[in-house]
Amino acid sequence: MLPRGLLSGLLLGAAGLGANPCRVEVIERGTDWPVPGVELRTVHGARLVSDNAGLIAFDLPELMGRETWAEVRGHGYGVKPDGFGYAGVRFVPRPGATVRIEVERTQPARRLGRLTGAGLFAESQKLGEELDWPESGVQGCDSVVTARFAGKLHWFWGDTNLARHPLGIFNVSAATTAGFTPPARPPLKVRFDYFRNAAGAPRGVAEVPGDGPTWVWGAATLPDAQGREHLVASAVKVRGNMEAYRWDLVEWDAAAAKFAPLLTFWRKSAAEPQPTKVPDGHALKWTDAAGQAWLLFGNPFPTMRCPATYEAWKDPSTWEPLTPDRRVLTAEGKPVEAHGGDLAWHPWSRRWLLLFTQKGGDSSYLGEIWLASAPSPTGPWTDARKVATHDHYTFYNPILHAEAFRDDSPLIHFEGTYVTTFSGHREPTPRWDYNQVLYQVDLSTPPFGAGK
């Protein structure tokens, strides 16, 4: 048995190690950019992931002061494997010290960080930084649609996880921001003003009758005949294995701060097992060559349109189905099969951009993100190039943040849902899984711009 004094000293020493972690900075080689979302995995299976500031608080007392090897997993970032095929780094963590780990970016898109979820700056806070960053109460959330209304950008998410129980919000969580201007480089800090209940917890904002979750799509702000603006969307009810059985038009009630159903335009039946026209996906305003203003709906290809007025939107007789050209060709003329995505006009490149998740990619079934361009929102879509990859992971329903596009900037930003679903991956990234992740692409650099 150890003497009491020696035992006390060892315990105090161990407590000190835990209370004073080693600061690990994950940096992109050649640019010194912080890199969020890079995982270090030790020989004995401990997993540490860099936060939105690209930091890890290395606090494993059993490895302090010891030469430590850790595998690097980074989805588009990494290090070269050694002679045995192990891709990792070796370092000696010490309490209060700083370790710098450089990773190579192997894709055009730069990861700016997580937009949603808990612990966006958890590692920084363990190091005594970002202590004023507030927790939202949201642990994870599904795909987003946005629309500007009443001077604010409104964000609407699908199913949302809360800490109190695995079943959280299943009728659309929502928040507002003054706008959206992504940072030039990390750390990414978007302070969402969530709609909350009386207890202060995030709440649902789409109460549509029926069993199962409610999902909102096609959010848009439209003027009526008197010039008043209306924030509108379509809402689908689902049950079982994502079976849609009802579609409604809904309108935002600013006083109640929630969507109110206006019209049920389809119910599943033997006579009509599928709707023929749906304002689904993302809404896009477009004026054709004849000067007619339209609202297009697509995910990513436009499949329906209506005149861009409130009266036309709520009258299904004005809806026109579209048969889009779904062909997407790479720069070499090879086809790429698109799953979900988004399209938008980019003023700097003077082209329409199509962002989409590839169906059946090399590294993941639904994890590789591509960007194509066209002279019009109906195509033809060419020069498609892969911009991001998520190895054995899913990144679905990506959207372009067109509100941040500028005619004097080649930068574009996109986000999507980072999740294990459909990937067969059984090791969710701590804190990051089932959340929205933001990327940046510079269209003036290869493989798009000069020297491509």
Side-chain angles (χ1 to χ4, degrees), residues 21-60 62-94 97-114 117 119-124 126-127 185-188 361-364 367-369 386-395 418-420 423-433 435 437-440:
C22 176
R23 174 191 177 96
V24 177
E25 301 174 349
V26 184
I27 301 296
E28 181 183 323
R29 184 183 299 276
T31 67
D32 285 346
W33 273 48
V35 185
V38 171
E39 178 180 327
L40 301 184
R41 186 172 298 200
T42 67
V43 171
H44 65 340
R47 302 170 65 191
L48 303 101
V49 184
S50 57
D51 67 10
N52 270 19
L55 296 179
I56 292 173
F58 194 100
D59 57 357
L60 304 180
E62 71 271 26
L63 295 180
M64 287 297 185
R66 297 180 181 272
E67 186 176 44
T68 297
W69 183 90
E71 180 186 3
V72 175
R73 300 186 181 189
H75 296 303
Y77 296 84
V79 298
K80 294 180 179 179
D82 61 20
F84 299 97
Y86 293 112
V89 293
R90 186 178 285 110
F91 59 99
V92 179
R94 302 184 187 279
T98 295
V99 170
R100 178 186 173 103
I101 294 177
E102 293 188 341
V103 293
E104 297 275 0
R105 179 163 56 93
T106 57
Q107 62 185 22
R110 279 184 164 131
R111 188 161 52 249
L112 294 187
R114 255 190 313 138
L120 297 177
F121 291 98
E123 301 299 307
S124 298
K126 292 179 190 176
L127 295 165
R185 57 188 289 163
L188 174 65
D362 294 334
S363 72
S364 177
E368 299 192 339
I369 307 302
K386 188 188 302 183
V387 294
T389 190
H390 301 85
D391 297 321
H392 307 293
Y393 226 89
T394 291
F395 196 82
Y418 175 79
V419 66
T420 57
S423 69
H425 197 99
R426 300 187 182 279
E427 295 180 331
T429 306
R431 296 194 176 99
W432 284 68
D433 190 67
N435 270 301
V437 178
L438 184 72
Y439 285 92
Q440 173 184 289

Notebook entry, point to check: Can you name the residues that form a salt bridge (charged side-chain N to carboxylate O under 4.0 Å, His left out) with Arg105, not counting sequence neighbours?
Noted result: Glu28

Item checked: CZ-CZ distance between Phe91 and Arg100, expressed to the nearest 0.5 angstrom -> 15.0 Å

Item checked: Minimum heavy-atom distance between Leu112 and Pro36, given as atom pair plus value -> O-CG, 3.6 Å

Item checked: Heavy-atom pair of closest approach, residues Lys386 and Asp362 -> NZ-OD2, 3.9 Å

Check: Atom CG of Leu48 and atom CZ of Arg41: how far apart are they, to the nearest 0.5 Å?
Finding: 10.5 Å

Item checked: Any Val24 side-chain heavy atom under 4.5 Å of Pro93 side chain -> no

Item checked: Over all atoms of both residues, closest heavy-atom pair of Pro186 and Arg111 -> CG-O, 4.1 Å

Item checked: side-chain hydrogen bond (donor to acceptor under 3.5 Å, both in side chains) against Tyr77, all qualifying residues, sequence neighbours excluded -> none

Checklist line | Rounded distance [0.5 Å steps], CZ in Phe121 versus CG in Leu188 | finding: 7.0 Å

Note to self: Over 60° means perpendicular and under 30° means parallel, so tell me whether Tyr418 and His75 are parallel, tilted or perpendicular.
What the structure shows: perpendicular

Note to self: So, using side-chain hydrogen bond (donor to acceptor under 3.5 Å, both in side chains) as the criterion, who are the partners of Thr42 when residues are at least two apart?
What the structure shows: His44

Notebook entry, point to check: Any idea which heavy atoms bring Arg47 and Glu427 closest together, and the distance?
Noted result: NH2-O, 3.5 Å

Notebook entry, point to check: Looking at residues at least two apart in the chain, or sitting in another chain, which of them share a side-chain hydrogen bond (donor to acceptor under 3.5 Å, both in side chains) with Thr389?
Noted result: Ser363, Glu368

Notebook entry, point to check: Hey, what do you get for CG (Leu120) to CG (Asn435), rounding to the nearest 0.5 Å?
Noted result: 8.0 Å

Next item on the list: Check side chain to side chain contact (heavy atoms under 4.5 Å, CB included) between Arg29 and all other residues, then give those that pass, not counting sequence neighbours.
Entry: Glu102, Glu104

Check: Is there a donor-acceptor pair under 3.5 Å between the side chain of Arg431 and the backbone N or O of Val49?
Finding: no

Notebook entry, point to check: Is there a donor-acceptor contact under 3.5 Å from the side chain of Thr420 to the main chain of Pro428?
Noted result: no

Notebook entry, point to check: What residues, two or more places apart in sequence or in another chain, satisfy side chain to side chain contact (heavy atoms under 4.5 Å, CB included) together with Arg426?
Noted result: none

Notebook entry, point to check: Can you list the steps and then say if Leu40 with Ile101 is a side-chain contact (heavy atoms from CB on, under 4.5 Å)?
Noted result: CA-CA 10 Å; Leu40 301 184; Ile101 294 177; 3.7 Å; yes

Note to self: Main chain of Leu55, side chain of Ser50: is a donor-acceptor contact present, judged purely on distance under 3.5 Å?
What the structure shows: no

Donor-acceptor contacts, no H, no angles, side chain residues 80-87, under 3.5 Å, sequence neighbours left out:
unit_1	atom_1	unit_2	atom_2	d
Asp82	OD1	Phe84	N	2.9
Asp82	OD1	Gly85	N	3.1
Asp82	OD1	Tyr86	N	2.9

Next item on the list: List for me each residue that meets salt bridge (charged side-chain N to carboxylate O under 4.0 Å, His left out) alongside Glu71, sequence neighbours excluded, and say none if there are none.
Entry: Arg73

Next item on the list: Quick one: list whatever passes ring-ring contact (aromatic ring centres under 6.0 Å, His included) with Phe395, sequence neighbours left out.
Entry: His390, Tyr439

Notebook entry, point to check: For Asp391, does its backbone N or O pair with a side-chain atom of Ser364 as donor and acceptor, under 3.5 Å?
Noted result: no

Item checked: Residues that Glu25 engages under salt bridge (charged side-chain N to carboxylate O under 4.0 Å, His left out), provided they are two or more places apart -> Arg23

Notebook entry, point to check: What are the two closest non-hydrogen atoms of Leu127 and Ala57, and how far apart are they?
Noted result: CG-CB, 3.9 Å

Margin query: Could you work out, with salt bridge (charged side-chain N to carboxylate O under 4.0 Å, His left out) as the rule, every residue matching Arg185, not counting sequence neighbours?
Written below: none

Check: Listed by chain and number, what are the side-chain hydrogen bond (donor to acceptor under 3.5 Å, both in side chains) partners of Ser124, not counting sequence neighbours?
Finding: Asp51

